[in-house]
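Hydrogens, waters and symmetry mates are skipped; everything else that's a heavy atom, side chains included, is used.
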Amino acid sequence: MTPRVQQEWRNRVRAEYRSAAITAQVLHWLIAVGADDTLVNTCMRVVRDELDHAQLSHECLLAFGGEGGAELDASMMAEPDRPEGLVASLLDSVLQNFCLGETFAVPLFNRMFEGTTDPDARRVLTRVLQDEAVHRAFGWDALDALLEADEGGVKAFVQARLPHHVKRFQRAYAPEQDGVPLTEQERCCGLMDLRDYREVWVHTYEHDVVRRFARRGISAPAL
């Protein structure tokens with residue numbers, strides 16, 4: 001299997017472990033602020049899901065000839081505390097990792113799955129797709145709970161932080177350059193060209209993310 005396939009799946013192992021760690025941090029903050037049991041229980045499920053995704057991704061990496069594990073950077077396993085306090089830290093993580101990150105993940109994995117024929121990669125993506133809609137819903141439910149507790153403060157915080165997070169995601173998922181085109185074999189193993197990432201990301205942002213924020217009285221920045 002090509003080195004690019006192995007590297008991509010090694011990166012996915014790291015990303016899934018990071019998602020598990022970040023969600024565990026969110027879980028801690030939810031408990032600390034006395035969040036509703038439903039949110040707490042769903043968050044616990046998300047942690048378990050992400051660990052499962054990491055394990056499945058590692059099995060896929062090995063199936064593609066990758067050796068050993070994926071080295072983890074401990075400094076990437078938590079979001080920094082916000083100077084405004086615990087609730088702001090929770091809100092910022094929910095905003096970037098769930099309302100944005102998980103909302104983008106659903107259509108991105110769907111597009112990826114469409115071009116994947118390798119059975120090992122399809123097995124991983126099938127499980128991920130079963131879980132991602134739950135993860136997306138958790139993020140918006142958490143935002144709604146925080147809005148209910150302090151609508152004015154939460155709206156102002158999100159309005160201030162949203163442009164920063166959107167630009168960061170745009171740089172990562174919708175770069176102007178297309179990069180080196182993938183081979184057909186690489187696409188069959190669950191990889192996706194940058195132009196496809198960009199197309200899915202822009203469409204999801206403009207037709208889903210922006211509308212979700214608007215329904216909550218929050219103006220998302222134009223691209």
Side-chain angles (χ1 to χ4, degrees), residues 11-54 72-106 108-109 128 131-173 201 204-205 208-210 212-213 215-221:
N11 290 342
R12 291 186 191 179
V13 175
R14 296 190 185 108
E16 297 291 357
Y17 271 118
R18 182 180 187 275
S19 293
I22 293 298
T23 307
Q25 184 183 36
V26 168
L27 174 62
H28 169 76
W29 284 331
L30 286 173
I31 294 170
V33 301
D36 178 85
D37 282 350
T38 300
L39 273 181
V40 170
N41 290 332
T42 303
C43 195
M44 286 193 287
R45 178 206 156 150
V46 176
V47 174
R48 181 68 264 170
D49 288 345
E50 300 291 13
L51 289 172
D52 288 348
H53 298 172
L72 304 178
D73 182 352
S75 69
M76 299 296 292
M77 294 294 124
E79 297 289 2
D81 292 331
R82 295 290 306 168
E84 301 94 327
L86 188 154
V87 174
S89 299
L90 168 62
L91 177 56
D92 203 48
S93 189
V94 165
L95 174 63
Q96 63 177 310
N97 294 303
F98 291 93
C99 296
L100 293 176
E102 293 290 352
T103 302
F104 296 139
V106 175
L108 285 170
F109 279 115
V128 169
D131 297 331
E132 290 303 317
V134 174
H135 301 182
R136 174 180 60 188
F138 163 76
W140 293 101
D141 288 344
L143 176 59
D144 288 339
L146 291 164
L147 281 165
E148 184 177 351
D150 179 14
E151 182 174 1
V154 168
K155 282 185 177 181
F157 183 90
V158 172
Q159 204 73 69
R161 292 290 290 163
L162 196 51
H164 165 77
H165 292 311
V166 169
K167 286 180 182 178
R168 186 172 66 85
F169 274 101
Q170 188 172 10
R171 286 194 300 268
Y173 288 99
W201 188 87
T204 302
Y205 181 75
D208 188 356
V209 172
V210 169
R212 287 176 187 265
F213 280 118
R215 289 199 295 268
R216 292 163 173 85
I218 298 167
S219 299

Exercise. Specify whether W140 and F213 have parallel, tilted or perpendicular ring planes, treating 30° as the upper limit for parallel and 60° as the lower limit for perpendicular.
Key: perpendicular
Quiz prompt | Point-to-point distance, once rounded to the nearest 0.5 Å, from CD of E132 to OG1 of T103 | solution = 10.0 Å
Exercise. Supply the atom-to-atom distance D92 CG to L162 CG, rounded to the nearest 0.5 angstrom.
Key: 10.5 Å
Quiz item: Under 4.5 Å between any side-chain heavy atoms of T204 and V106, yes or no?
Solution: no
Practice problem: Decide whether Q96 and R168 meet the rule of one side-chain donor and one side-chain acceptor closer than 3.5 Å. | Solution: yes
Self-check item: Minimum heavy-atom distance between Y205 and A220, given as atom pair plus value
Solution: OH-CB, 3.4 Å
Quiz prompt | Min side-chain heavy-atom separation R212-R136 under 4.5 Å | solution = yes
Quiz item: Judged by modelled atom types alone, do N97 and S93 share a side-chain donor-acceptor pair under 3.5 Å?
Solution: yes
Exercise. Give a yes or no answer on whether the side chain of N41 reaches the backbone of D37 with a donor-acceptor pair at less than 3.5 Å.
Key: yes
Self-check item: Nearest-0.5 Å distance, CD of residue Q25 to SG of residue C43
Solution: 10.5 Å
Practice problem: Look at E151 together with K155 and state whether they make a salt bridge at an N to O cut-off of under 4.0 Å. | Solution: yes
Practice problem: Check the angle between the aromatic planes of F138 and F98 and answer parallel, tilted or perpendicular using the 30° and 60° thresholds. | Solution: perpendicular
Practice problem: Determine whether the aromatic ring centres of W201 and F104 lie less than 6.0 Å apart. | Solution: yes
Practice problem: Would you indicate whether the side-chain heavy atoms of T38 and D141 approach each other to under 4.5 Å? | Solution: no
Quiz item: Just how far is it from atom CG of L95 to atom CG of L146, taken to the nearest 0.5 Å?
Solution: 10.5 Å
Practice problem: Please list all pairs passing the salt bridge (charged side-chain N to carboxylate O under 4.0 Å, His left out) test where one or both residues lie in residues 72-90, with sequence neighbours left out. | Solution: R18-E79, R82-E84
Practice problem: Quick one: closest heavy-atom pair of V40 and A35, and the distance? | Solution: CG2-O, 4.0 Å
Practice problem: Quick one: do D131 and V46 satisfy side-chain contact (heavy atoms from CB on, under 4.5 Å)? Show the steps, please. | Solution: CA-CA 8 Å; D131 297 331; V46 176; over 6 Å; no
Exercise. Flag the pair E50 / H135 as yes when at least one side-chain heavy-atom distance between them is below 4.5 Å, and no otherwise.
Key: yes
Quiz item: Which atom pair, heavy atoms only, marks the closest approach of G139 to V94?
Solution: O-CG1, 3.5 Å
Quiz item: So do V87 and F157 actually touch side chain to side chain, heavy atoms under 4.5 Å?
Solution: no
Self-check item: Test side-chain contact (heavy atoms from CB on, under 4.5 Å) applied to M44 and L39, L27, L30, D49, the passing residue
Solution: L27
Exercise. Work out which heavy atom in S89 is nearest to a heavy atom in W29; give both atom names and the distance.
Key: O-CZ3, 3.4 Å
Quiz item: What closest approach, in Å, do P163 and P221 show between heavy atoms, and which atom pair accounts for it?
Solution: CA-CG, 3.9 Å
Quiz item: What do you reckon, is NE2 of H164 surrounded by more than 12 foreign heavy atoms closer than 6.0 Å?
Solution: yes
Quiz prompt | Residues, nucleotides or ligands: over 12 heavy atoms within 6.0 Å of Y173 OH | solution = no
